[in-house]
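These notes are about the structure you will find just below.
Throughout, protein chains are lettered first and strands after them, A, B, ... in sequence-line order, and every chain is numbered starting at 1. Note: hydrogens, waters and symmetry copies are ignored here, and every other heavy atom, side chains too, is used. As the structure is a prediction and not an experimental result, all values here were calculated from the model.
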2 protein chains.
Amino acid sequence: MRIEDEIQQREFTDDYRRLLVNLLFTNNWVNQQQLSFFKQFGLTQQQHNVLSIVRGQHPSPVCFGDIQNRMVDRNSNVTRLVDKLIEKGYVTRDICAANRRMIEVRLTPKGLEKLTQIDSYLPQLLERFHNLSSEEAVLVSNLLDKLRG
Amino acid sequence: MRIEDEIQQREFTDDYRRLLVNLLFTNNWVNQQQLSFFKQFGLTQQQHNVLSIVRGQHPSPVCFGDIQNRMVDRNSNVTRLVDKLIEKGYVTRDICAANRRMIEVRLTPKGLEKLTQIDSYLPQLLERFHNLSSEEAVLVSNLLDKLRG
DNA sequence: ATACATTGGTTGTATATACAAATATTAGTA
DNA sequence: TACTAATATTTGTATATACAACCAATGTAT
């Protein structure tokens, strides 16, 4: 459905303005898909993102700074996200012996199991994007990379 | 810059997964652009969106439901957004005589002036998207329309 | 060593979001 | 007319965001 119809707006005067609005509108749509998907596993998108990053180094630990830099949403507060994940028993935190300013985050078996469970359902989430062919998906991705410069 | 490098991740196994992550990451980038742009005018993106919608019907009033339906971010709480805009003197609200459940929102001269001022700076915001040619901007927009189905 | 800057993480706070429940008015209908 | 449903907006609340200020550990220069 054309963005003009979605938000009941006449033609845009500027192609870039249309793109801006379309990106924001589409993001809300994507967010909605993700929100409902992760909710069934009792996680937020950001919590899942942190878990995945920690798994990326597993069984080595990851420090907060690394998590921050690898997050899709850089505005998240890693301290508070990790707190939530500890409460749920999915990760542990320890002060790094080599540099006591740093915190080492590690995945627990329970956290790994949770991620594995979510993995098996991921195709269901991605299915919602199959209105685009995989060639088109690649094309959009590459253009977004170019957009950000 | 490739999304893989932005978030320090190896190749994605799935083109749709890459697209999903890229959309979310790009949205944060876009948001950052918008946030800093509108901040200099003392407005949030959503407040500006509401103002623009009200101007769209000016000098006729717009009711909350119409605002809701035309907003780029549908999750916003129109009641509270309009409260803010009234505080700032940019809109007025009145109970609709014909249907007293409805609220009529109207732009004030001050609100119109503010919008006009912002308009004159909009090209500065859109300039940040000029890494894409206008043909590419149209292409991405159309693919996003297709993605949402 | 001491002072100062930097790094890595934490905390506080105002505002915004998501979502459910509540209220008020109008419309439909038996 | 009274009853019920539908519509339009408001309110409450738990959680999340943006952003600044803070603290502790380490590095560096004198």
In whole angstroms, the gap separating P of C/dT17 from CG of B/Asp83 amounts to 14 Å

Protein heavy-atom contacts under 4.0 Å, written 5' to 3' over nucleotides 21-29 of chain C as B (base), S (sugar-phosphate only) or - (none), form the string ----BB---

- request: Look at B/Glu136 together with A/Lys146 and state whether they make a salt bridge at an N to O cut-off of under 4.0 Å.
  value: yes

Closest to the side chain of B/Arg93, out of D/dT9, C/dT11, D/dA16, is D/dT9

In numerical order, the residues of residues 28-42 of chain A whose heavy atoms come under 4.0 Å of DNA chain C are A/Leu35, A/Lys39

Check: What orientation do A/Phe129 and A/Trp29 show, parallel under 30°, tilted 30 to 60°, or perpendicular over 60°?
Finding: perpendicular

Quiz item: How about B/Phe37 and B/Tyr121: are their ring centres within less than 6.0 Å of each other?
Solution: no

Exercise. Do A/Asn142 and B/Arg18 have a side chain donor and acceptor closer than 3.5 Å?
Worked result: yes

Test item: B/Arg93 side-chain N/O and B/Glu104 main-chain N/O as donor-acceptor pair under 3.5 Å: no

Partner of A/Asp145 under side chain to side chain donor-acceptor pair (under 3.5 Å), picked from B/Asn22, B/Thr26, B/Asn131, is B/Asn22

* Asked: Side chains of B/Asp73 and B/Gln45: is there a donor and an acceptor less than 3.5 Å apart?
  -> no

side-chain contact (heavy atoms from CB on, under 4.5 Å), that's the test. Do A/Gln46 and A/Arg80 meet it? Break it down for me.
CA-CA 11 Å; A/Gln46 275 68 16; A/Arg80 294 196 265 239; over 6 Å; no

| Are A/Glu11 and A/Arg2 close enough for a salt bridge, meaning some N to O gap below 4.0 Å? | yes

ask   = Does A/His130 reach the main-chain N or O of A/Leu126 with its side chain, forming a donor-acceptor pair under 3.5 Å?
value = yes

Taken to the nearest whole Å, CG/A/Leu81 to C1'/C/dG8 is 17 Å

note: A/Met102, atom CE; C/dT6, atom P; distance rounded to Å ~ 19 Å

Ordered by number, residues from residues 43-77 of chain A within less than 4.0 Å of DNA chain C (heavy atoms) are A/Cys63, A/Phe64, A/Gly65, A/Asn77

Are A/Asp119 and A/Lys114 close enough for a salt bridge, meaning some N to O gap below 4.0 Å?
-> no

By nearest-heavy-atom nucleotide on DNA chain C, the more 5' of B/Lys84 and A/Thr79 is A/Thr79

